[in-house]
A.B. asks: 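Below you'll find the structure I mean.
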Amino acid sequence: MLMMPPKLTIAKVFSEMKAIAHSAGKESQKAKKEKIQKLLVASRGEEAKFIVRMLQAKLRIGIQIPTLLQALAYAFTLTKPGKSCGPAAVTDRRHGQAKLSAAELEPQMIGMEAAVKQAFSEMPNFDKLVAALMEGRDGSSLLQVCSISVGVPVKPMLAKPSKGIAEVGERLSGKRFTGEWKYDGERAQIHVLSKDVIQIYSRNSENMTEKYPDVIEVVKQSLAEDVQSCIIDSELVAFDQVNRKILPFQVLTTRGRKNITVEDIKVNVCLFAFDCMLVNGQPLVKEPLELRREKLWSILSPAEGKVTFAVYRNFNEINEEEIQAFLDESIAGSCEGLMLKTLTENATYEPSKRSLNWLKLKKDYLEGMADSIDVVPIGAYYGKGKRSGAYGAYLLAIYDQENEEFQTVCKAGTGFSDEDLTTHYSFFKNHQRPCAETNYNVNDKLKPDVWLEPCQVWEIRAADLSISPVHTSAFGVKADGKGIGLRFPRFLRIRDDKTPEESTGSEQIVEMFEAQASVSGTAAVDDDF
DNA sequence: CTTGTCTGCCCC
DNA sequence: ATTCTGC
DNA sequence: GCAGAATGGGCAGACAAG
């Protein structure tokens, strides 16, 4: 009988996980497989399940970073680290001579949680945060060590989606606010450590410096002379330097990411700056937007087609017509819509928080302004996690009259209520087909778990249309060997009043694609894709 | 060498 | 990215 | 309203397979 491998320890699992993460190059996949195999063989009980989940970076235990921060805050309020090591080195403030009551501890815990969360948002690094806590720091003393500084990306401030102009009015009434065009590119947090050391970070705090040497150059030239350091918030957008025109997001994504040299860059970008969190060592996150914007304009000078500021308009009061007009202008200007931000009141930079301060208003949130499409579910995929036992997503198609076939435009996995998911599953499990209908035009890569009879029409919504390497609608019309797919698709409702043959046609898909401001006006659209 | 498949603390 | 749901 | 967990299109790179 084979010997059972020794029990797994936390230290062992941690070092194996690190080894897997760092494994690269030829035959690395084999090496990773072997390590995983060893871990699984040595695991007992439920350990295997959690090892697999760890590898997938999906622990699904109801705890993510915010909860972890709360736990840290509570732990360092209830207990204090001592000078020596080991379990005895901890003072439990709930017991002993100097014990505190729950009523005394609670406000401390709440205050500590705020401090820990603020510290982590300005300095998102657990090593540094825990080190500071172990020193016994709390409250303002924690912020002194863990505060915004150049070279450490802060969690960018996010915006809350708004359902319509009426909702915007509710949130912002009585406050001065500004609307800014929302550009369709890549978030870029620019850190100027000195005139010669400039770094760029993504929305998720990934270092993109290597990807944008051209931006580094132009920022260096655009900085005012008296700027030694700063942090700028901006959007990088693909830009046609010749025709002075914003290009679609899809063009931006074709830029190389590694070993980039300025000479062989094929996709140029323009930087649209909109905020500034630090200048010359001085944090500005607690200052109101109006002042931060002033600072931003004073440290950066525009360079035609390379660096500029997000177009904005200030409002002293709600005016729905003017907001609508400004939104329309932003769409015509190849933007996604508007960002709406308070200027003075509640106008600080709140890293990572989708606070009320920033709202986003996109045309696809608005009834009537969005591309609404009628599609036919022709396949389904088994759900995972909380969607086990039902379909988690559906393959959706439109009907092409000319070729008399169903062509895919997207999958959909969002927009369903729990009830929708149940209803759809019980309906479609009686309309399964053993294989694809002969008039289904589906790429092999999208092969669903089950095929469905074309017997229902759904209304879905999307933000945009894009050239697709896998979807087959309007195949070859806008680009050779490619169809058209939908960006950010979501389920809206069942259309009982339509038959599958009455779903959106491929000509309409082409029209919607061409109507997009960022692709219109170019004769040779094909060349861009 | 080409081609296919899968991953990414990916971007949106 | 969007969306829904439990708390 | 927050936190968490479902799910989308599509790209360059990395690696495997042939």
Side-chain angles (χ1 to χ4, degrees), chain A residues 17 21 23-33 54-70 117 124-126 153 158-161 163 171 182-188 202-208 211 235-238 248-260 267 336 352-356 360 362 364-365 370 381 383-388 390-396 408-421 444-446 460-471 482-492 529:
Chain A
M17 288 281 175
S23 166
K26 201 171 186 295
E27 305 225 303
S28 59
Q29 215 169 74
K30 207 166 121 196
K32 288 182 203 174
K33 277 182 193 164
M54 266 191 261
L55 290 162
Q56 292 177 309
K58 282 181 199 165
L59 223 39
R60 296 200 299 111
I61 54 173
I63 293 172
Q64 291 185 23
I65 285 176
T67 308
L68 195 53
L69 293 171
Q70 187 182 53
K117 287 188 172 173
N125 180 322
F126 278 108
L158 304 173
K160 204 183 104 58
K163 293 211 172 14
R171 290 278 159 78
K182 186 180 189 303
Y183 295 84
D184 192 7
E186 187 170 17
R187 189 83 174 261
S202 75
R203 174 195 153 112
N204 287 324
S205 304
E206 292 294 315
N207 194 324
M208 301 194 290
K211 181 177 172 183
E235 191 82 8
L236 285 170
V237 183
F249 174 76
Q250 208 174 4
V251 174
L252 178 68
T253 63
T254 65
R255 262 184 81 116
R257 295 169 196 169
K258 297 198 162 174
N259 302 316
I260 306 302
V267 176
E336 295 183 289
S352 87
K353 268 189 228 155
R354 283 184 156 88
S355 67
L356 295 182
K360 55 179 168 182
K362 293 170 64 164
D364 54 298
Y365 302 158
Y381 307 84
K384 294 175 180 155
K386 64 182 178 187
R387 292 202 185 163
S388 304
Y391 300 135
Y394 290 82
L395 180 62
L396 307 178
T408 68
V409 282
C410 66
K411 293 195 285 178
T414 192
F416 308 108
S417 67
D418 288 356
E419 194 193 339
D420 289 336
L421 287 166
D444 286 344
K445 293 190 184 78
L446 292 168
I460 61 167
R461 182 173 288 172
D464 271 315
L465 296 90
S466 58
I467 297 296
S468 174
V470 291
H471 290 292
K482 294 186 176 184
I484 293 177
L486 304 184
R487 191 182 184 197
F488 310 146
R490 56 263 200 195
F491 170 82
L492 289 184
F529 294 101

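Reminder, nothing fancy here: chain letters follow the sequence lines and each chain counts from 1. From a predicted model like this one, the values you see are computed outputs, not experimental measurements.
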A.B. asks: Need the pair for D/dC2. Rule: Watson-Crick or G-U wobble, both distances under 3.5 Å, any strand; none if unpaired.
C.D. replies: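 Across any shown strand, D/dC2 pairs with C/dG6.
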A.B. asks: Could you please name the option among D/dC15, D/dA12, B/dC11 that lies closest to any side-chain atom of A/S28?
C.D. replies: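 So the side chain of A/S28 is nearest to D/dC15.
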A.B. asks: Can you tell me the pairing partner of D/dG13 across any strand shown, Watson-Crick or G-U wobble, with both distances under 3.5 angstrom?
C.D. replies: B/dC6
A.B. asks: What nucleotide, of B/dC11, D/dT7, D/dC15, holds the atom closest to the side chain of A/A393?
C.D. replies: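 Out of B/dC11, D/dT7, D/dC15, the nucleotide with an atom closest to A/A393's side chain is D/dT7.
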A.B. asks: Nearest to the side chain of A/K258 - D/dA6, D/dG10, D/dG13?
C.D. replies: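 Minimum distance to the A/K258 side chain belongs to D/dG13.
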A.B. asks: Given B/dC12, D/dC11, C/dC4, which nucleotide is nearest the side-chain atoms of A/S417?
C.D. replies: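 My answer, after comparing the listed nucleotides, is C/dC4.
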A.B. asks: Just to confirm, is there a sub-4.0 Å distance from OP1 or OP2 of C/dT2 to any side-chain nitrogen or oxygen of A/K362?
C.D. replies: yes
A.B. asks: Can you check whether A/L446's main-chain N or O pairs, donor with acceptor, with A/Y381's side chain at less than 3.5 Å?
C.D. replies: yes
A.B. asks: Quick one: is D/dT7 close enough that its OP1 or OP2 comes under 4.0 Å of any side-chain N or O from A/K58?
C.D. replies: no
A.B. asks: When the nearest nucleotide of DNA chain D is assigned to A/R487 and to A/L68 on a heavy-atom basis, which residue is associated with the more 5' position?
C.D. replies: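 Its nearest nucleotide lies further toward 5', so the answer is A/L68.
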A.B. asks: How long is the line joining NZ of A/K211 and C1' of B/dG8, in whole Å?
C.D. replies: 12 Å
A.B. asks: Less than 4.0 angstrom from a charged side-chain N to a carboxylate O is my criterion; do A/R490 and A/D364 meet it?
C.D. replies: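 Result for this pair is yes, salt bridge flagged.
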A.B. asks: Do side-chain atoms of A/R387 reach the backbone of A/G413 as a donor and acceptor pair under 3.5 angstrom?
C.D. replies: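 Yes, because the side chain of A/R387 sits within donor-acceptor range (under 3.5 Å) of the backbone of A/G413.
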A.B. asks: Can you tell me which nucleotide in D/dG9, B/dC11, D/dA5 comes closest to the side chain of A/C410?
C.D. replies: D/dG9
A.B. asks: Of the nucleotides B/dC11, D/dA6, D/dA12, which has the atom closest to the A/S202 side chain?
C.D. replies: B/dC11
A.B. asks: Whom does D/dG8 pair with, Watson-Crick or G-U wobble, provided both distances fall under 3.5 Å?
C.D. replies: B/dC12
A.B. asks: Got a donor-acceptor pair under 3.5 Å from the side chain of A/T414 to the base of C/dT2?
C.D. replies: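 Per atom types, the contact qualifies.
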A.B. asks: Using a cut-off of strictly less than 4.0 Å, decide whether A/Y381 has a side-chain nitrogen or oxygen near OP1 or OP2 of D/dT7.
C.D. replies: no
A.B. asks: Would you kindly give the CZ-to-C1' distance between A/F416 and D/dA5, to the nearest whole Å?
C.D. replies: 15 Å
A.B. asks: Mind checking A/R255 for me? I need base, sugar-phosphate or nothing, with any heavy atom below 4.0 Å counting as a touch.
C.D. replies: sugar-phosphate
A.B. asks: Which is more 5' along DNA chain C, the nucleotide nearest A/K182 or the one nearest A/K386? Just name the residue.
C.D. replies: A/K182
A.B. asks: Considering non-hydrogen atoms only, spot the tightest contact between A/E336 and A/Y183 and give its length.
C.D. replies: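 In this case the closest contact between A/E336 and A/Y183 is OE1-O, 3.7 Å.
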A.B. asks: Return the value, rounded to whole Å, for the distance between atom CG of A/D418 and atom C1' of D/dA5.
C.D. replies: 11 Å
A.B. asks: Using only side-chain N and O atoms of A/Q64, determine if any of them is under 4.0 Å from OP1 or OP2 of D/dA5.
C.D. replies: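 Yes.
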A.B. asks: Counting heavy atoms from C-beta on, name the nucleotide in D/dG10, B/dC10, D/dA3 closest to the side chain of A/S468.
C.D. replies: D/dG10
A.B. asks: When you measure from the side chain of A/Q250 to the backbone of A/S466, do you find a donor-acceptor pair of N or O atoms at a distance under 3.5 Å?
C.D. replies: no
A.B. asks: Looking at every strand, decide which applies to A/L486 at a 4.0 Å heavy-atom threshold: base, sugar-phosphate, or nothing.
C.D. replies: sugar-phosphate
A.B. asks: Other residues, nucleotides and ligands only: do more than 12 of their heavy atoms fall within 6.0 Å of CD on A/E419?
C.D. replies: no
A.B. asks: Given D/dA5, D/dC11, C/dT2, which nucleotide is nearest the side-chain atoms of A/P469?
C.D. replies: D/dC11
A.B. asks: Rounding to a whole Å, what distance do you find between A/Q70:CD and C/dC7:P?
C.D. replies: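 It is 16 Å, rounded to the nearest whole Å.
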A.B. asks: A/I61 near the nucleic acid: base, sugar-phosphate alone, or nothing, with a heavy-atom cut-off under 4.0 Å?
C.D. replies: sugar-phosphate
A.B. asks: Select base, sugar-phosphate, or nothing to describe what A/Y365 touches, counting heavy atoms under 4.0 Å on all strands.
C.D. replies: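 Touches sugar-phosphate only.
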A.B. asks: Would you mind reading off the distance between A/E206 atom CD and B/dT7 atom P, rounded to a whole angstrom?
C.D. replies: 18 Å
A.B. asks: Can you find a donor-acceptor pair, distance only, under 3.5 Å between A/R257 side chain and D/dC11 base?
C.D. replies: yes
A.B. asks: Counting any heavy atom closer than 4.0 Å, what does A/D464 reach on the DNA or RNA strands: base, sugar-phosphate only, or nothing?
C.D. replies: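 The residue A/D464 makes no contact with any strand.
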A.B. asks: Write down the distance between CG (A/L252) and P (B/dC12), rounded to a whole number of angstrom.
C.D. replies: 9 Å
A.B. asks: Run the salt-bridge test on A/E186 and A/R255 with the 4.0 Å N-O cut-off and return the result as yes or no.
C.D. replies: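 No.
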A.B. asks: Between A/I484 and A/G25, name the one whose nearest nucleotide on DNA chain D is closer to the 5' end.
C.D. replies: A/I484
A.B. asks: Give the nucleotide from the list D/dC15, B/dC12, C/dT3 with an atom nearest to the side chain of A/R490.
C.D. replies: C/dT3
A.B. asks: Take the protein atom CD1 of A/I467 and the nucleotide atom P of D/dG10, then report the distance between them rounded to whole Å.
C.D. replies: 9 Å
A.B. asks: Given the C1' atoms of B/dG8 and D/dG10, what is the spacing between them in whole Å?
C.D. replies: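 Per the computed distance, 12 Å lies between those C1' atoms.
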A.B. asks: Please report, rounded to the nearest Å, how far the P atom of D/dG10 is from the NZ atom of A/K445.
C.D. replies: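 Atom NZ in A/K445 sits about 12 Å away from atom P in D/dG10.
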A.B. asks: Could you tell me the separation between the OG1 atom of A/T414 and the CZ atom of A/F416, rounded to the nearest 0.5 Å?
C.D. replies: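 Rounded to the nearest 0.5 Å, the OG1-CZ separation comes out at 8.0 Å.
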A.B. asks: Please state the C1' separation for the pair D/dA3 and B/dC11 - nearest whole angstrom.
C.D. replies: 23 Å
A.B. asks: Is A/F491 touching bases, backbone alone, or none of the nucleic acid, heavy atoms closer than 4.0 Å?
C.D. replies: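 Answer is nothing: A/F491 stays at 4.0 Å or more from every strand.
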A.B. asks: What contact category does A/I63 fall into here, base, sugar-phosphate, or nothing, at under 4.0 angstrom with non-hydrogen atoms?
C.D. replies: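 Sugar-phosphate contact only.
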A.B. asks: Report yes if a side-chain nitrogen or oxygen of A/K163 is closer than 4.0 Å to either non-bridging phosphate oxygen (OP1 or OP2) of C/dT3; otherwise report no.
C.D. replies: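 It does not, given that no N or O in the side chain of A/K163 lies less than 4.0 Å from OP1 or OP2 of C/dT3.
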A.B. asks: Closest approach to the side chain of A/Q250, judged atom by atom: which nucleotide of D/dG9, D/dC11, C/dT5 is it?
C.D. replies: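 Per side-chain heavy atoms of A/Q250, the pick is D/dC11.
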A.B. asks: To the nearest 0.5 angstrom, please state how far the NZ atom of A/K411 sits from the NE2 atom of A/H471.
C.D. replies: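 Those atoms lie 7.5 Å apart.
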A.B. asks: When all nucleic acid strands are considered with a 4.0 Å heavy-atom cut-off, which category describes A/K117: base, sugar-phosphate, or nothing?
C.D. replies: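 Touches sugar-phosphate only.
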A.B. asks: For D/dA6 and A/R60 - does any side-chain N or O of the residue sit under 4.0 Å from the phosphate oxygens OP1/OP2?
C.D. replies: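 Yes, because at least one side-chain N or O of A/R60 sits under 4.0 Å from OP1 or OP2 of D/dA6.
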A.B. asks: Hey, does A/A463 reach any base, or is it just sugar-phosphate, or nothing, if we go heavy atoms under 4.0 Å?
C.D. replies: nothing
